[in-house]
Peer 1: 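Can you read through this structure? Questions will come right after.
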2 protein chains.
Amino acid sequence: MKALPTPPGHDTGAVTIYDVAAHAGVGIATVSRAMNGSAPVAEATRARVLAAVEELGFRPSHAGTSLAARTHAANGIVFPDLSGPYYAEVLLGYEETASQLGRSVLVLATHGRPDPASAVRDLAGRVDGMVLLGRTVSDEVIAGLAGLPVVVLARPELGDVDSVRTDGLTSARALGEHLAGHGLERVALLGSPEESPDVAERFLGIREGLGAHGIEPTQTPCLFDEASGTRVAATLLEGRRRPDALVCANDEIALGAIVAAEEAGLRVGHDIAITGWDDVMAARHARPALTTVRQPMRALGSLAAEVLDERITATRTTPRHELLATDLVVRDSCGLHP
Amino acid sequence: MKALPTPPGHDTGAVTIYDVAAHAGVGIATVSRAMNGSAPVAEATRARVLAAVEELGFRPSHAGTSLAARTHAANGIVFPDLSGPYYAEVLLGYEETASQLGRSVLVLATHGRPDPASAVRDLAGRVDGMVLLGRTVSDEVIAGLAGLPVVVLARPELGDVDSVRTDGLTSARALGEHLAGHGLERVALLGSPEESPDVAERFLGIREGLGAHGIEPTQTPCLFDEASGTRVAATLLEGRRRPDALVCANDEIALGAIVAAEEAGLRVGHDIAITGWDDVMAARHARPALTTVRQPMRALGSLAAEVLDERITATRTTPRHELLATDLVVRDSCGLHP
DNA sequence: GGAGGCGTAGGAAGCGCTTTCATGTGGTGA
DNA sequence: TCACCACATGAAAGCGCTTCCTACGCCTCC
């Protein structure tokens, strides 16, 4: 056996393709080909290489591969925040589909971060494409990602950027109609539509549904968490002309509102109707069970991964805008149904 | 101005360090130094470089950096599954701390994947260290990661591998004692301890707590989801010698069991006690509210990131095993408290 | 005035991989 | 028997970055 080429430096502890090549008595090119099947390799040689790989426990350095192949084989996903069941489901669907497409997933939560824009840009340097949820970063930042495939989730369409959203309008109208059907009149909307275009859409639909019956709801700003829901609802309930329906921007606010209503001695579903949005697990276990709107969160994530992949692989070059249907889930918190 | 060195190939559309160097009229080494502050650069030069960076929109290729600097600046985290509120919180804590330490986060969910072991090995090639949750992969796979810093979460200690766990034993004993104090006698444990060492620990503690009062619980296997909880509980409740307490391995099972109990016409908290574990959001909104054990999930993730970082930076070379306290949260589902 | 020192910057090597191009081998047809 | 070809393989050129080593001014000190 003649001397084989050895890497010049070769000082790290990690085993490289050179080690495998030496061990199998072949060149590094053959090792690469045998492992990736990128070109024909004699069966005997392949077996020898794979044996060496096994024996040495060779794991290709991703950086090397990525640099040479000019691809990261990774997708990013940027969340405003990760708390709550909503995002976890989206991530699950995303990761599942992305990994089926052979891509790793990098997550980034911008919440509470000093400079989200630079974090996003940094992420952009290590992925082949990314998904952005909601209003995490400004339109300018997205524009600055020029060239990088991007899909926005739960955010209004933005030029040629692909988008995946849920259709809140239809269910919101249905909810408004449903509430009007209960004979409710003093409806209060809880939430801050200016924080989220999705919420704005919901409120719009609800107004439409109620408006068809001549009802004009009031609107009170509220952060999207339970404690805020309790606080805001308590204030509303102690005022004169107490609302007979609290329509909340999400389930967390609604669950908080239920607490406030009970503390005020009201029977939810009888004296007052309360509704949420998202259908989190707690919604169906609350008593009375919460009337809400179910969003296909997992499908949302999965579809986003798919749409993104089409761009990355350049299978498609025209923008794609997807709208997923939502379901109104009527339970008892909006009034008893005989 | 004399001709500056140009990259040999230079065919991709992306702007590289060579472009910046040419634009600023300096060498690539200076660009690198100006951007990273790794060596002194004259103020005027630095300004010129940074202006060029800005103007060209230069984003360093992560692959190049990673290869040259022999670091990925990324951590992995491997989940068995991502559904449920539990994991989302862990991830949130992990991501937050990791990003403060300047590391990106790669997530991997092994659930439903054909070959988890190879997925983990693949992940290992693109991170500086990783966290493994629970029983996602076998001990052998972990051993095969030799050299890569690893922290296991919610998994029994394994040799020199760092670990972060919650102390389920103490709260489990307290729960057992508490139930005995309610005068309960026919206690059934629901869950599959062989699936998870954490659950095994919980059941052990509960047995100890009950045993101190001469009570010997029965044990029934059950998957860790709501539907299974309902199914298994329904079967137990219709048998003769109906249990007067269902102690569930997690909240999901318990919430499912509440449904079964109500369908059987039993009043939870009166006719039967039901307890969970994890204190998910639904636990406090269920009626009766669920007695359960709260785990510091966010802290768990955050601490794991910290422990991992110490290994990656070689700040510490001896194993570290952390145990986080849990809290018994007594509500109404285990019996009314006067 | 010359030697030495310091601050700044460029050249070039090298990180681990993929891929092109060239080479060598054995088999085929005339 | 010889030219030709397909196939398997190796050498080497990058991929974009960091960093070591060297070089160049310019100033200081004897």
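Letters go in sequence order (proteins before strands), and every chain restarts at 1.
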Peer 1: Cut-off 3.5 Å, side chains only: do A:Arg135 and A:Ser196 have a donor facing an acceptor?
Peer 2: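 A:Arg135 vs A:Ser196: no donor-acceptor pair found between side chains.
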Peer 1: Does any part of the side chain of A:Arg103, heavy atoms only, come nearer than 4.5 Å to the side chain of A:Ile312, both counted from C-beta?
Peer 2: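 Sidechains of A:Arg103 and A:Ile312: in contact.
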Peer 1: Measuring to OP1 and OP2 of C:dC17, would you say a side-chain N or O of A:Ser66 lies under 4.0 angstrom away?
Peer 2: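 It does not, given that no N or O in the side chain of A:Ser66 lies less than 4.0 Å from OP1 or OP2 of C:dC17.
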Peer 1: Using a 3.5 Å distance criterion without hydrogens, assess whether the side chain of A:Thr97 forms a donor-acceptor pair with backbone atoms of A:Gly93.
Peer 2: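 Yes, because the side chain of A:Thr97 sits within donor-acceptor range (under 3.5 Å) of the backbone of A:Gly93.
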Peer 1: NE2 of A:His72 versus C1' of D:dG16: gap in Å, rounded?
Peer 2: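 Atom-to-atom, A:His72 to D:dG16, this comes out as 11 Å.
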Peer 1: Please report, rounded to the nearest Å, how far the P atom of C:dC17 is from the CE atom of A:Met35.
Peer 2: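 Rounding to the nearest Å, CE of A:Met35 and P of C:dC17 are 9 Å apart.
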Peer 1: Please report the distance, rounded to the nearest Å, between CD in B:Glu43 and P in C:dT8.
Peer 2: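 That distance rounds to 10 Å.
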Peer 1: Please tabulate the protein-to-nucleotide N/O contacts below 3.5 Å involving nucleotides 17-20 of chain D, giving atom names and distances.
Peer 2:
from, atom 1, to, atom 2, distance (Å)
D:dC17, OP1, B:Ser61, N, 2.8
D:dC17, OP2, B:Ile17, N, 2.5
D:dT18, OP1, B:Asn36, ND2, 2.8
D:dT18, OP2, B:Ser32, OG, 2.6
D:dC20, N4, B:Arg33, NH1, 3.3

Peer 1: I need the CG-C1' distance between A:Asp128 and D:dC15, as an integer number of Å.
Peer 2: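 After rounding, the gap between these two atoms is 15 Å.
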Peer 1: Verify, without hydrogens or angle tests, whether B:Glu95 (side chain) and A:Ala109 (backbone) share a donor-acceptor contact under 3.5 angstrom.
Peer 2: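 Side chain of B:Glu95 to backbone of A:Ala109, a donor-acceptor pair under 3.5 Å: yes, one is there.
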Peer 1: Specify the angle, to 10°, made by the local axes at the two ends of the helix from C:dG1-D:dC30 to C:dA30-D:dT1 when five pairs are taken at each end.
Peer 2: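 Here the helix ends are tilted 50° relative to one another.
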Peer 1: Is a donor on one side and an acceptor on the other found under 3.5 Å between the side chain of B:Thr110 and the backbone of B:Pro116?
Peer 2: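 No, the answer is negative, given that no donor and acceptor are paired below the 3.5 Å cut-off.
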Peer 1: Would you check if there is a donor-acceptor pair between the side chains of A:Thr166 and A:Gln295 at a distance under 3.5 Å?
Peer 2: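 A:Gln295 vs A:Thr166: donor-acceptor pair found between side chains.
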Peer 1: Do the side chain of B:Thr313 and the main chain of B:Asp309 share a donor and acceptor less than 3.5 angstrom apart?
Peer 2: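 Checking the backbone N and O of B:Asp309 against the side chain of B:Thr313, a donor-acceptor pair under 3.5 Å is found.
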Peer 1: Under a 3.5 Å threshold, yes or no: a donor from one side chain and an acceptor from the other, between B:Arg113 and A:Ser99?
Peer 2: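 Yes - a donor-acceptor pair under 3.5 Å links their side chains.
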Peer 1: Rounded off to whole Å, could you give me the CG-to-C1' distance for the A:Asp19 and C:dC17 pair?
Peer 2: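 One finds 13 Å between C1' of C:dC17 and CG of A:Asp19, rounded.
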